[in-house]
Student: 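Take a look at this one; I'll ask things after.
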Number of protein chains: 2
Amino acid sequence: MSYEELDPRKMLILKAIIDDYITSKEPVGSRTIAKKYQMGLSSATIRNEMADLEEMGYLSQPHTSAGRIPSEKGYRLYVDKLMTPGVTDLKPTEDELSEICGYMENKIHEMNNIVKAASEIVSRITHYTAIGMASSEKKHTVKALQIIPVDLKKVLVIVVLDNDVIKNQMVKTPDSLSAEELSKLSVICSNMLTGMQADSISLEMINEIVILSGINRDKILPIIDGVLDCIKQCDSAEIYTEGATNLLEHPEFNDVSKAKSLLELINNEEEMAKLLQGCDGAGAKGIVVKIGTENEMLEVSDCSVVTATYSLNGVNLGTIGVIGPTRMDYNKVISALEYVRRRMLPE
Amino acid sequence: MSYEELDPRKMLILKAIIDDYITSKEPVGSRTIAKKYQMGLSSATIRNEMADLEEMGYLSQPHTSAGRIPSEKGYRLYVDKLMTPGVTDLKPTEDELSEICGYMENKIHEMNNIVKAASEIVSRITHYTAIGMASSEKKHTVKALQIIPVDLKKVLVIVVLDNDVIKNQMVKTPDSLSAEELSKLSVICSNMLTGMQADSISLEMINEIVILSGINRDKILPIIDGVLDCIKQCDSAEIYTEGATNLLEHPEFNDVSKAKSLLELINNEEEMAKLLQGCDGAGAKGIVVKIGTENEMLEVSDCSVVTATYSLNGVNLGTIGVIGPTRMDYNKVISALEYVRRRMLPE
DNA sequence: TGTTAGCACTCAAACTAAAGGAGTGCTAAC
DNA sequence: GTTAGCACTCCTTTAGTTTGAGTGCTAACA
């Protein structure tokens, strides 16, 4: 799609309209633009330009005697070219930021939860809903592994991945194993599986573990099962949802049934994983904006989703997505996601 | 409060009114009662009785020409004496039950999550919001403890409590410790702290651990800190919220701002812990019903909260609470909580 | 004395009509 | 190319009207 058709003045007017609509939440008329955004033109002229912009598909009218609202195409152009980029809009929230900073410092060293903490911050800054997904690339490897006796018939399996995600599982053992047997098994498993990827663990390796341990097969199979379960779990992404109720603040969700279906979607981790994964295309600075029906998911077809993927040295750390009405403050959202990147990555 | 003032017929009529209101969600008039609930009386007679019941405070009228709705006092009597107790209302959902049974079987052996699974079931059966709280009695003791090296500068601390709740924490170590030092420290900590209650760990004991280990104090203090953190964490209850969006199904929350404030409350774990703890009074079968303003929390003063505490051999396993409009199907909710008790406790 | 039929009365909700106003499109003049 | 002016549209608000479910009261009845 090329935008050459648009002369600079039209762009300016379109930008003014969208800026205004984003803050006012009301269809904006020609008089408003002529007055508020001093551009030395009368409302009649603006009116003519608006008619042009509508014909080109950048604006639409709810009804004949109403002002104009941006179309998806309008938002698209706005996000791509028009928007005053970067910090500008974040400034008024500087106080919020500092309030939040301290909070983040506390959380940041619980490595497991960086993404959660970051999502919370984004949600708080933007007042939209933030979804965080810790990276779930299959290429993670086992970094540490331990089997701990808990009581006579129970054993705890712990796996730490190379991204410091921790998984554990309690396993009931059919027969009790001695502490020596267990610690031996723990060492063997650790030796065999450390450095392995979840999907590259073969049956042969499991067999080898059983043989090396020299323990009765039936006695330890449940435990090894638990270990594998743990490792597999790591492939299923962790999803953190923050500020879900923020949606209800926006007038486009005044309709309860609409709000309900969206909230239900947001509470559904699988769907959210899909939504965020669908947005992993690089995009400028790793940020992708999907507007309205650009999201293939039907329920969010009147929402926009802005996602940022965070990676360090080529390793994907996670993704944070912001969900809000198509009339969202793209500028603020993108600034927030950038802000979090700056705080997250130097570490 | 005594109910002697009410003759049997008044009770019957009150019960009919409340039954009807619970299902119809509409103020109920005298004609409805006379027709639907065959009791050989004309609407005029019912009308007289209703006027009496209103005077006594069991009913109220939204406006003069509307039917009656139950007052809190009315619900109270209904729950205490009138309600046809037990299974009755659960029958129609027998198919839901069996659908859910299989699901539960899968979850039940993840011991950590019994309460979560149970809450989910309750929420699904009742279509209200269920809040589960795993027991957080301070009297839990440490059952197993282990310190695992993860990489040069990181160590994972794991604590298992006697109720099989697992806590872990990643700790950054200022200086790297050798594997031998760590395993020694792990064994010492385990010996010293196993069987201890969270709040009975003294500074002397920590000192002793440091001395016994023979390692430089500064090197291991962060780790011991992590261990204590872990143990302390166990005192803060785990809260599981299931079916929060179900609230939006009920007409009393058609007002978005009302719904929002309630949803925010429900998402607030501390508040929910307070709410459930406030309801731990024994009550018949461990079930407590708080109607409207009987909840001291302002935001739920037009809701009812039904809580069930589950305990085995005197040990408190957890609490599940159901939140819904005062006009909730108490019968169904109580049945569901009882059902879950039956499935949970034999285990 | 308790029950019931009948009737006047009340009041929210649903519908209708009219007024108000924000905003447009078009035309004609600058 | 820009602008003032004006007729026109159509949503929103307000006020007035109708409808109907439900009540309270009274008088008659068993």
Side-chain angles (χ1 to χ4, degrees), chain A residues 5-14 16-21 23-71 74 251-252 254-255, chain B residues 5-14 16-21 23-71 74 251-252 254-255:
Chain A
E5 15 167 357
L6 282 184
D7 59 70
R9 197 174 71 177
K10 279 199 173 53
M11 286 205 176
L12 221 60
I13 291 175
L14 181 57
I17 293 171
I18 299 183
D19 277 338
D20 199 79
Y21 184 60
T23 56
S24 75
K25 308 171 204 213
E26 300 283 327
V28 11
S30 53
R31 236 175 80 88
T32 314
I33 297 300
K35 264 186 152 177
K36 270 211 279 192
Y37 304 79
Q38 291 293 52
M39 41 182 67
L41 292 173
S42 77
S43 67
T45 311
I46 308 274
R47 217 141 52 225
N48 288 332
E49 296 287 41
M50 281 166 112
D52 290 351
L53 284 167
E54 176 164 8
E55 205 177 353
M56 292 185 224
Y58 293 104
L59 295 176
S60 71
Q61 259 182 317
H63 53 87
T64 34
S65 69
R68 302 300 209 294
I69 59 175
S71 67
E252 23 281 271
N254 263 346
D255 179 17
Chain B
E5 14 167 358
L6 282 185
D7 59 71
R9 197 175 72 178
K10 280 201 174 50
M11 288 206 174
L12 221 62
I13 290 174
L14 181 57
I17 292 171
I18 299 183
D19 278 338
D20 199 79
Y21 183 61
T23 56
S24 75
K25 309 172 204 211
E26 299 284 328
V28 10
S30 53
R31 238 176 77 89
T32 315
I33 297 300
K35 264 184 151 180
K36 271 211 278 191
Y37 304 78
Q38 290 294 51
M39 41 183 66
L41 292 172
S42 78
S43 68
T45 311
I46 308 274
R47 216 141 53 223
N48 289 331
E49 296 287 41
M50 280 165 113
D52 289 352
L53 284 167
E54 178 165 7
E55 205 176 353
M56 293 185 224
Y58 294 104
L59 296 176
S60 70
Q61 260 181 316
H63 53 89
T64 32
S65 69
R68 301 304 208 292
I69 59 174
S71 67
E252 22 280 272
N254 263 347
D255 178 17

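Residue numbering restarts at 1 for every chain, and letters A, B, ... go by the order of the sequence lines. Heavy atoms only: backbone and side chains are in, while hydrogens, waters and symmetry mates are out.
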Student: Nearest whole angstrom, please: distance from the P of C:dG23 to the CG of A:Asp20.
Tutor: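 Those two atoms, CG and P, are 10 Å apart.
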Student: Going by side chain to side chain donor-acceptor pair (under 3.5 Å), name the pairs with one or both residues in residues 23-35 of chain A, residues two or more places apart or in two chains.
Tutor: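 For residues 23-35 of chain A: A:Ser30-A:Arg47.
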Student: With a 4.5 Å cut-off on side-chain heavy atoms, are A:Leu59 and A:Ser71 touching?
Tutor: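 No, their side chains stay 4.5 Å or more apart.
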Student: Counting runs of three or more consecutive pairs, Watson-Crick or G-U wobble, with each distance below 3.5 Å, where are the stems of DNA chain D?
Tutor: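 If one scans DNA chain D for consecutive Watson-Crick or G-U pairs, the stems found are C:1-30 with D:1-30.
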Student: Do B:Asp19 and B:Tyr37 have side-chain atoms, one donor and one acceptor, less than 3.5 Å apart?
Tutor: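 The answer is no; no qualifying pair exists.
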Student: Suppose we screen for side-chain hydrogen bond (donor to acceptor under 3.5 Å, both in side chains). Which residues come up paired with B:Asn48, at least two apart in sequence or across chains?
Tutor: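 B:Asn48 satisfies side-chain hydrogen bond (donor to acceptor under 3.5 Å, both in side chains) with no other residue.
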Student: Please report, rounded to the nearest Å, how far the C1' atom of C:dT1 is from the CD atom of B:Glu49.
Tutor: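 From B:Glu49 CD to C:dT1 C1': 14 Å.
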Student: Run the side-chain hydrogen bond (donor to acceptor under 3.5 Å, both in side chains) test against A:Asp52 and tell me which residues pass, sequence neighbours left out.
Tutor: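 side-chain hydrogen bond (donor to acceptor under 3.5 Å, both in side chains) list for A:Asp52, sorted by chain: A:Lys10.
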Student: Can you list everything that forms a side-chain hydrogen bond (donor to acceptor under 3.5 Å, both in side chains) with B:Gln61? Sequence neighbours excluded, please.
Tutor: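 Scan of B:Gln61 (side-chain hydrogen bond (donor to acceptor under 3.5 Å, both in side chains), adjacent residues dropped) gives none.
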Student: For A:Ser42, what residues pass the side-chain contact (heavy atoms from CB on, under 4.5 Å) criterion, not counting sequence neighbours?
Tutor: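 Once residues adjacent in sequence are excluded, the partners of A:Ser42 under the side-chain contact (heavy atoms from CB on, under 4.5 Å) criterion are A:Ala44, A:Thr45.
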Student: Could you name each residue pair satisfying salt bridge (Lys or Arg N to Asp or Glu O under 4.0 Å) that touches residues 56-66 of chain A, not counting sequence neighbours?
Tutor: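 Every candidate salt bridge (Lys or Arg N to Asp or Glu O under 4.0 Å) pair involving residues 56-66 of chain A fails, so no pair, neighbours aside, qualifies.
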Student: Output the rounded distance in Å from CZ (B:Arg9) to C1' (C:dT1).
Tutor: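 Rounded to whole Å, this separation is 12 Å.
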Student: If you round to the nearest 0.5 Å, how far is CD of B:Glu49 from CD1 of B:Ile13?
Tutor: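 B:Ile13 CD1 to B:Glu49 CD: 4.5 Å, rounded to 0.5 Å.
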Student: Let me know the distance between CG of B:Asp52 and C1' of C:dT3, rounded to the nearest Å.
Tutor: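 For the pair B:Asp52 CG and C:dT3 C1', the rounded distance is 14 Å.
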Student: If you restrict it to nitrogen or oxygen atoms, what contacts under 3.5 Å exist between nucleotides 13-17 of chain C and the protein, and what is each distance?
Tutor:
none

Student: Quick one: A:Lys35 NZ to C:dG23 P, roughly how many Å, whole number?
Tutor: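 The distance from NZ of A:Lys35 to P of C:dG23 comes to 10 Å, rounded to the nearest Å.
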Student: Using a 4.0 Å heavy-atom cut-off to protein, can you give one letter per nucleotide of nucleotides 13-30 of chain D, 5' to 3': B if the base is in contact, S if only the sugar-phosphate is, - if neither?
Tutor: --------BSBBB-----
Student: Which residue pairs pass the salt bridge (Lys or Arg N to Asp or Glu O under 4.0 Å) test when at least one of the two sits in residues 59-70 of chain A, sequence neighbours left out?
Tutor: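 For residues 59-70 of chain A, and leaving out neighbouring residues, the salt bridge (Lys or Arg N to Asp or Glu O under 4.0 Å) pairs sorted by first residue read A:Glu54-A:Arg68.
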Student: Residues in side-chain hydrogen bond (donor to acceptor under 3.5 Å, both in side chains) with A:Asp255, at least two apart?
Tutor: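 In terms of side-chain hydrogen bond (donor to acceptor under 3.5 Å, both in side chains), with neighbours along the sequence ignored, A:Asp255 is linked to A:Ser257.
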Student: In whole angstrom, give the distance that lies between atom CD1 of B:Ile69 and atom P of C:dA12.
Tutor: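 Rounded to whole Å, this separation is 14 Å.
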